[in-house]
Structures are given as structure tokens and as C-alpha cells.
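These notes are about the structure you will find just below.
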Amino acid sequence: MPTVSILIPAYKAEFLGRAILSALNQTFEDTEILVGDDTPQGVLREIVERFDDPRVRYFHHGFQKGTRNSRALWDKASGQYVKWLFDDDMLMPESVETLVNALRVNPGVALAFHARVIIDENDAIIATPPSLLPSGQAALIDRASLVENMVGRINNFIGEPSNVMLVRDRVDISRAFDYRTWVLDFLGDVALYLNCAAEAPLLAVGGYLSAFRQHSSQASAAAGANYSAGLYEWELMVRGEAAAGNLRGATLEGAQRALRGLYGRWAPALPEIARLLANLGELTELAPHQLYTSERFVADLAHARAAVAERVGARNKRAQAAGAVAAAPSATAEAAPQQPFCVVCEQAVSGWLPHPEAGKLDRSFMQQVESVGSTLEHYQCPNCGCNDRDRHLWLYLAFSRLLEDAPQKRILHIAPEARIEPRIRALAPLEYVVGDLHPRGQDHRHLNVEQLDFPDGYFDVVICNHVLEHVANPDRAMAELTRCLASNGHLIAQTPYSPVLRNTFELNKPVSGPFATHYFGQSDHVRLFGADIVDRFRAAGLSGELYSHTTVLAEVDPQTFGCNGREPFFLFSKGRTPEFAR
């Protein structure tokens with residue numbers, strides 16, 4: 001029997017060959033390499049069979065469920081030690097040898113792990129997380145320390161399963177990825193570490209000996225159907241460990257703060273998270289023994305799990321209906337281009353509807369000055385009717401974390417977007433004032449952005465999108481918006497502009513509708529801002545910048561989410577800059 005079983009639960013074709021090759025190139029050769037193909041049609045067989053090596057064995061499972069695939073491979077393994085390797089990760093040549101040697105020197109442990117680097121699609125290293133130990137050193141970690149530093153800080157410092165090796169006889173694989181009685185959807189690796197640590201210490205080994213790949217099509221990507229499970233399952237563990245007496249005092253308060261920050265970032269994009277965010281006070285208000293069984297938490301958790309199950313089910317149906325896998329192995333559902341997805345109504349779409357005037361207007365001037373505004377070709381969501389600017393705004397709000405702790409913030413929303421307004425209301429801000437020069441709803445106030453009737457420093461967040469191109473005196477409006485902002489308050493003020501116009505283009509007299517359409521982009525616009533727009537905000541007393549799509553949203557694909565990747569985030573403040581700008 002081999003000493004080590006390397007298990008590769010696989011679903012995607014794109015990087016699988018590299019993963020298998022890294023397993024074959026280990027300096028420790030007494031291994032078997034088991035690949036579990038979880039695609040419905042078994043399209044990964046051809047990739048696996050390219051490797052003419054008796055150590056490599058192929059199994060078709062087709063569960064479309066990562067934990068089931070992993071358990072099935074475990075049952076087929078025969079090695080004394082089990083080394084995980086996910087289909088898009090890679091092992092450094094000495095990974096297996098280093099971990100085997102460490103386990104032999106420390107026979108009383110259940111699991112050993114080393115550090116990893118982060119790589120991109122081209123195998124380039126893009127991040128090197130801090131290592132717990134220098135290369136060549138090792139240290140034991142008991143469960144109490146694991147709970148305090150992993151669960152208490154919402155920080156999986158061990159990393160992904162590709163970093164670990166387990167002693168097969170010490171692990172009950174039937175429950176290894178579960179937390180207590182809960183079958184998890186996302187944080188099965190964290191549950192695995194907690195469960196192993198309950199049986200024996202874990203062993204940390206120094207050295208960066210694996211590579212975790214980050215790419216847009218991986219299951220853990222932010223756009224994934226089950227991503228919110230990776231948020232609320234942390235709270236499940238925090239409550240469980242607190243109820244068991246393992247998290248208390250300052251450590252529990254720290255976990256609460258970490259969860260509040262995590263939820264605050266994602267609540268705008270994931271409505272089920274907003275409900276959980278509103279109930280986080282329980283962590284320090286209820287007696288510890290009540291936290292795990294709190295009626296409100298159990299109800300909110302059930303609601304969140306149902307939302308995830310619905311999204312996952314819809315994703316799988318779409319994949320099957322589209323013939324998730326074509327004849328070519330590279331065309332698996334996960335490796336194919338991302339299906340368009342509307343973050344406002346949270347539904348997949350077949351495509352975006354064009355603007356009614358797309359292709360009809362003379363856009364020659366706007367193209368010549370490289371105007372940045374709506375993308376007319378991918379304009380409207382066929383499900384909810386939101387436009388590309390709405391979707392981009394909602395993404396910017398989510399990733400900038402500006403609506404974090406919304407129940408403690410006063411928000412002014414001028415000319416509120418019809419599809420965004422209810423999403424913000426659902427976050428239950430401390431105060432939410434909406435309105436326009438011509439109010440359209442019963443709850444809307446009459447607002448003149450050049451003369452606002454609010455006290456100085458009243459609002460924590462002001463949203464004023466695509467308004468300044470309409471007003472007579474934008475500098476006066478900017479001054480009023482600044483006056484109403486609280487210390488450390490933020491202003492979001494998207495507007496069309498040209499980065500190649502040195503100065504804002506406007507006339508000192510009214511213009512006709514056709515003139516405005518041709519030179520300003522729309523018949524009711526009175527100017528086209530130029531590159532001087534940032535200076536105008538700063539002259540009003542604000543700091544900030546036009547932050548690019550990639551600066552704020554990193555790997556978020558504009559085409560997938562139907563927005564203009566050239567449109568920056570117009571974010572200005574009276575205080576500190578956001579984290580992504582530091």
C-alpha cells in the first residue's frame with residue numbers, strides 16, 4: 001500500500017492538468033493520486049488519462065457537491081496519510097515529503113499543514129500571506145488556540161485543504177466537514193480543522209509548499225451561488241464555541257466586531273446577510289448558552305440557507321439546461337464564461353437589453369472625447385429593469401463597505417434609483433432620507449441640491465448619482481453636500497465625464513436638446529464634466545478620488561455583471577480614505 005494518498009476532487013478542467021503534474025513531481029514518490037470527476041458527464045476523464053503513470057487513477061462521481069466528492073475519494077484511498085489537492089491548486093515538489101516527515105516525528109497529531117502562496121491564472125505569485133513559522137520549524141496547536149485565533153478572529157490561518165495532510169485512521173470522514181449537527185456549504189475546511197483538533201493537536205510546519213489559485217470561476221469566488229454561506233457559517237461557529245464556553249469576554253467581542261465588518265461589506269449585495277447583521281448584538285447581549293439556539297438566529301440562518309440553496313439549485317439547472325459540458329473537456333460549466341448576473345435582483349440573465357437609443361444617436365463627439373457613462377449595449381436587466389449604472393453602484397457600495405453598520409448611519413439619497421432604494425431600506429439605516437427636485441413617491445421629499453435644508457454635519461453617507469450634470473450651479477451643490485456631511489462622512493457622486501477634456505464643457509446660455517444630446521450625452525444634461533472634476537470636489541472641502549473599477553472591484557468582471565468597467569467610483573469624504581485606497 002502507498003504511504004500517501006493524494007486526493008484531487010475535481011470539477012473544472014482549466015487547471016486540473018497542472019494540479020496532477022504537481023502531484024506527480026513530488027520528491028516523495030510512494031504515493032497514489034486519485035482524481036474524482038464531479039462533472040455530470042465525466043468530461044475530465046480525457047485530461048486524467050493523458051498522464052501515463054500507474055499512480056494516477058480516475059473515478060467518475062458526478063455528485064456536483066465538493067464534500068461528497070471528497071468523501072468518496074477518501075473511501076477509495078489506501079495510504080496511511082491523506083494529502084488533499086484541489087483541482088486548481090498546486091503543490092511545491094517538497095510538500096508531501098515535508099509533511100510526511102513532520103507526521104513521523106510527531107506521531108500523536110491528527111493533521112499537519114504548511115503555508116501557501118496565492119497565484120493567478122498564469123501561475124504568477126500575487127500574494128504571500130504571513131507564515132506562522134520559519135521554514136524548517138514546527139509547532140503544535142491545540143483546539144483552544146485554534147478556536148481563539150481562527151474562530152475568534154474570523155481568520156482561517158491554516159488555509160485551504162490543499163495545504164494539509166491527515167492521518168487517515170484518526171479522522172472520521174463521515175462527519176469531518178460538518179460543524180456539530182450542521183452540514184456546511186462553504187467552511188467545511190474550518191470544520192475539518194476544528195474536528196481534528198478535538199481528537200489530537202494539529203501540527204504547523206514552516207515553509208511555503210503549496211499554491212492556492214485565485215480566479216473568477218472558482219466556487220469560492222465572490223459571485224458564487226453559495227458565497228454567503230462562507231459568511232454566516234463563521235457566525236454559526238462563533239455562537240457554537242461561545243455556547244460551549246470556548247469564546248468569551250474580549251475574544252467574543254472581537255469576533256462580533258469582525259463579523260460586523262464582514263457582514264457590513266456584503267449585506268448590500270446579499271440581502272440574507274442584512275438580517276443576520278441586524279441581529280449581531282445578541283453575541284454580547286445574550287447569555288452564552290443561549291447564543292447557539294437563539295430563536296431569531298435560527299430563523300435568520302434558515303432564511304439565509306434557503307437563499308443559498310435556491311441560488312445553487314438555479315445555477316445547477318442553468319448548467320444542465322445549457323448542456324453544462326460540451327464535447328471538449330475545456331468547456332465545463334465552471335470553466336465556461338460566467339453567465340450574466342444581476343446583483344440588484346440577484347438573478348441570472350440570458351443577456352442585457354440595449355438602451356432604446358443604442359445605435360440610433362450620433363455618438364461621434366462622445367467617442368472622440370472618450371466620454372465615460374452608461375454602456376448602452378448592456379444597459380437594462382430583463383428581470384428587474386435596473387440599468388448598468390444601478391448595478392455598478394450596488395457593486396461599489398458592497399465592496400467599499402460604506403453601508404457597513406447601516407443601522408448606525410444617517411443616509412441621504414438624492415434622486416434615488418428605483419431598484420436601489422428598497423435594497424438600502426432593507427438595511428434599516430438609522431435614518432434614510434430620499435428625495436428629488438420633483439419628488440416621485442409619498443416618502444420622497446422635495447430636495448434642491450443647491451440649497452439643502454439639513455443641519456451641518458448631519459449625514460454619514462450622501463448618495464448623489466447622475467445629478468450634478470443636471471444642476472445649474474454644480475459648485476454650489478458640491479458645497480451644500482459637503483456642509484451636510486458628518487466628520488468622516490462619505491459622498492458618492494457618479495456623473496458622466498470625459499477624462500481627456502482638460503476642463504468641463506458647458507455654455508453660459510441654455511442649449512437645445514439635440515445640442516445637449518450630441519455634446520453632453522443626453523438632452524437634459526447641461527454640461528459634460530472634464531478632468532477638472534476632482535479639483536472641484538476638493539475645492540468644496542472634500543478629499544477623495546475617482547477610483548477605478550479594478551481598484552475597488554478587483555477581479556469582478558464588468559461584462560458578467562453588466563456594467564461599464566471604465567466608469568470609476570466617484571467617492572469623496574471629509575475624513576479617512578476607504579481601505580481599498582490606502
Side-chain angles (χ1 to χ4, degrees), residues 67 143 146-148 150-156 175 177-188 190-191 194-195 198 225-314 346 398 403-409 422-432:
T67 51
R143 195 176 190 281
L146 190 70
V147 169
E148 179 179 358
M150 183 173 288
V151 180
R153 298 183 181 182
I154 318 298
N155 174 32
N156 180 3
R175 307 295 297 174
F177 300 105
D178 302 343
Y179 181 74
R180 294 194 174 187
T181 60
W182 293 92
V183 177
L184 303 183
D185 294 310
F186 202 99
L187 295 182
V190 177
L194 290 171
N195 291 332
N226 67 339
Y227 186 77
S228 67
L231 310 178
Y232 60 67
E233 286 176 356
W234 278 114
E235 183 179 356
L236 177 69
M237 294 181 186
V238 168
R239 286 175 176 265
E241 296 305 317
N246 301 327
L247 280 179
R248 57 173 67 90
T251 305
L252 181 57
E253 292 174 3
Q256 182 187 47
R257 287 192 299 272
L259 281 169
R260 199 179 298 280
L262 190 66
Y263 282 177
R265 176 178 179 180
W266 290 103
L270 300 168
E272 64 269 20
I273 295 302
R275 285 179 54 164
L276 290 155
L277 174 60
N279 192 31
L280 275 182
E282 279 192 353
L283 291 177
T284 51
E285 294 167 359
L286 293 182
H289 71 274
Q290 297 176 305
L291 292 176
Y292 193 61
T293 55
S294 157
E295 289 186 7
R296 183 173 173 183
F297 171 68
V298 170
D300 289 347
L301 181 62
H303 172 264
R305 287 171 65 90
V308 166
E310 183 178 0
R311 283 198 292 266
V312 170
E346 296 188 293
L403 298 186
E404 182 178 311
D405 297 334
Q408 283 76 51
K409 289 182 176 179
R423 299 298 302 268
I424 296 178
R425 287 192 186 278
L427 301 178
L430 177 64
E431 185 174 355
Y432 185 44

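All values reported here derive from a predicted model rather than from experimental measurement.
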- Message: Using the rule given for side chain to side chain contact (heavy atoms under 4.5 Å, CB included), can you reason through Leu194 versus Val151, listing the C-alpha separation, both sets of side-chain angles and the distance that settles it, and then say yes or no?
- Response: CA-CA 9 Å; Leu194 290 171; Val151 180; 4.1 Å; yes
- Apply the test side chain to side chain contact (heavy atoms under 4.5 Å, CB included) to residues Leu403 and Arg265: give CA-CA distance (whole Å), side-chain angles for both, the deciding distance (0.1 Å), then the verdict. CA-CA 7 Å; Leu403 298 186; Arg265 176 178 179 180; over 6 Å; no
- Show the numbers, then the answer: is there a salt bridge (charged side-chain N to carboxylate O under 4.0 Å, His left out) between Arg143 and Glu241? CA-CA 11 Å; Arg143 195 176 190 281; Glu241 296 305 317; 3.0 Å; yes
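Side-chain contact check for Tyr232 and Glu272: no donor-acceptor pair (N or O, by modelled atom type) lies under 3.5 Å.
Taking all atoms of both residues into account, the shortest heavy-atom contact from Ala244 to Arg180 is CB-NH2, 3.4 Å. A pairwise comparison of heavy atoms in Gly264 and Leu277 identifies CA-CD2, 4.2 Å as the closest pair. In terms of heavy-atom proximity, Leu184 sits nearest to Asp178 at N-OD1, 4.4 Å. Nearest approach of Glu233 to Asp185, heavy atoms of both residues: OE2-N, 2.6 Å. Listed here is the closest heavy atom pair of Trp234 and Met150: CZ3-O, 3.6 Å.
Inter-residue side-chain proximity for Phe297 and Leu291 is flagged as unmet; no heavy-atom pair is nearer than 4.5 Å. Looking only at side-chain heavy atoms (C-beta outward), Leu262 and Ile273 stay at 4.5 Å or farther from each other.
The structure places CG of Asn195 at 9.0 Å from OH of Tyr179, a figure rounded to the nearest 0.5 Å.
Applying the 6.0 Å contact sphere to CD of Gln408 captures more than 12 heavy atoms from other residues, nucleotides or ligands.
With respect to Arg239 and Glu282, a salt bridge is recorded, a charged nitrogen being found less than 4.0 Å from a carboxylate O. Using a cutoff of 4.0 Å between basic side-chain nitrogens and carboxylate oxygens, Arg305 and Glu310 are not scored as salt-bridged.
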